[in-house]
Structures are given as structure tokens and as C-alpha cells.
Amino acid sequence: YQNRRADYVSAVLEKLLTMLPLVQSGVDVVQGLGLIESSMPLSLEHILIDAEIGRLCKRLRDGIDVRPEKNYFEDIRTVGQEGHFLKQKSTRAALRTSEFFTPDFCERGSYEEWTALGSPTMLTRAHQQVQAILKADMPHPLSASCEAVIREIVEEAKAVLD
């Protein structure tokens, strides 16, 4: 993790540029999440970052909903230039839709807020999330019988391959 900090920006941009056309074309599966440097090492942090890139690409693919009920011109007229839209029912309803993409690892605050937090990078945030996931209990661990079957399969494969 620490040794890869300088390369992560390049890896993120490359992943975005390779994933966006795939998602835009409507593929069902994108392979290679978490793989970096010509798909040699696997990074847990990059699995999370790549998943966020995938969600962003999907959001871009889904486009903007322009149905008549999404016409907010009356709200704009009501609120005017000096007001805000937080009290509008349409705003509250719209914020609950998938049209508002909220990233987990990208900074959304001001520069001052970011520096006050210690200037965390996307990789730093992903690393913190990885640590939290690894420390947490498994939400749906395998049953003992399922683990036994998997171990049998692995042992049989080892015997055949040896």
C-alpha cells in the first residue's frame, strides 16, 4: 500500500479510461477490479476505488432524467436567486434518487476542509475502509458444512495436481 501511493493516480485514470467505454456499451461484467501494474498485483484499496469508478461510469451512462415530472422550473421561479431549494419537496425527493452520485473516496468539500482533515488522498480513504472491513465481523460467513465441502474440493484438486 505505502509503496504504491505515487502510482495510484495513474492507475485510477487508466482504470477510468478503460472502464468507461465498457460500461457505456452496456457490458454485464467488468473484470480486473483491484488489479494494477499490468494486472500483476491485486490491491484491496483499488478494488474499492475501482468499484467507485464503476458506479460513476454507470451514473454517467444512465444520463439525466428529463421526464415532465422532473421539470423544476416552477421551483426555480418560487425560490428565486437568493433562496435555496432545501425546503422544496421536489429537492428532497430528487436527492433520494440515483441521479445524485455521492462518492465514497473523492473529496467533496472545500480545499480548506480537506486540509483541515489532514489532506487525505483517495488511496488513504480506501485504505481506511479496507482496514474497517477487515476488522469487522463477516456479515454472512460460510457455514461449517460449506467450508468442509470447499476444503474437500481443494484437497482433491491438490491430489490430482501433485
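Just so you know, these numbers use all the heavy atoms, side chains as well, and skip hydrogens, waters and symmetry mates.
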Between [X] and [Y], is there shared hydrophobic-cluster membership here, with clusters defined by ILVMFWY side-chain heavy atoms closer than 4.5 Å?
X: Leu44; Y: Val12; answer: yes
X: Val79; Y: Ile76; answer: yes
X: Val130; Y: Leu35; answer: yes
X: Leu60; Y: Ile53; answer: no

Exercise. Quick one: which residue pairs count as a salt bridge (charged side-chain N to carboxylate O under 4.0 Å, His left out) with a foot in residues 127-142, not counting sequence neighbours?
Key: none

Quiz item: Which residue pairs satisfy the salt bridge (charged side-chain N to carboxylate O under 4.0 Å, His left out) criterion with at least one member in residues 109-118, sequence neighbours excluded?
Solution: none

Would you find a donor on one side and an acceptor on the other, under 3.5 Å apart, between the side chain of [X] and the backbone of [Y]?
X: Lys15; Y: Ile49; value: no
X: Glu52; Y: Phe105; value: yes
X: Trp114; Y: Glu107; value: no

Quiz item: Can you name the side-chain contact (heavy atoms from CB on, under 4.5 Å) partners of Leu33, sequence neighbours left out?
Solution: Met19, Asp50

Quiz item: Can you list the residues that meet the side-chain contact (heavy atoms from CB on, under 4.5 Å) rule with Val27, with sequence neighbours excluded?
Solution: Leu22, Ser25, Val30

What pair of heavy atoms forms the shortest contact from [X] to [Y], and how long is it?
X: Glu99; Y: Arg59; value: O-NE, 2.8 Å
X: Gly26; Y: Arg61; value: CA-NH1, 4.4 Å
X: Phe101; Y: Leu56; value: CE1-N, 3.6 Å
X: Arg125; Y: Asp104; value: CD-O, 4.4 Å

Can you tell me how far the [atom1] atom of [X] sits from the [atom2] atom of [Y], to the nearest 0.5 Å?
X: Gln129; Y: Leu134; atom1: CD; atom2: CG; result: 10.0 Å
X: Gln128; Y: Glu45; atom1: CD; atom2: CD; result: 10.5 Å
X: Asp65; Y: Lys70; atom1: CG; atom2: NZ; result: 4.5 Å

Between [X] and [Y], is any pair of side-chain heavy atoms under 4.5 Å apart?
X: Gln24; Y: Cys57; result: no
X: Ile133; Y: Leu48; result: yes
X: Val154; Y: Lys158; result: yes
X: Ile47; Y: Leu42; result: yes

Practice problem: Might you work through the side chain to side chain contact (heavy atoms under 4.5 Å, CB included) test for Asp62 and Lys58, ending with a clear yes or no? | Solution: CA-CA 6 Å; Asp62 291 346; Lys58 181 184 179 306; 2.8 Å; yes

Practice problem: Can you run down the side-chain hydrogen bond (donor to acceptor under 3.5 Å, both in side chains) pairs that involve residues 81-98, sequence neighbours left out, and say none if there aren't any? | Solution: Asp75-Ser90

Quiz item: Would Glu155 and Arg151 count as a salt bridge (Lys or Arg N to Asp or Glu O under 4.0 Å) if you check the C-alpha gap in whole Å, the side-chain angles of each, and the deciding distance to 0.1 Å?
Solution: CA-CA 6 Å; Glu155 293 304 319; Arg151 289 186 201 288; over 6 Å; no

Quiz item: Quick one: salt bridge (Lys or Arg N to Asp or Glu O under 4.0 Å) partners of Arg77, sequence neighbours excluded?
Solution: Glu74

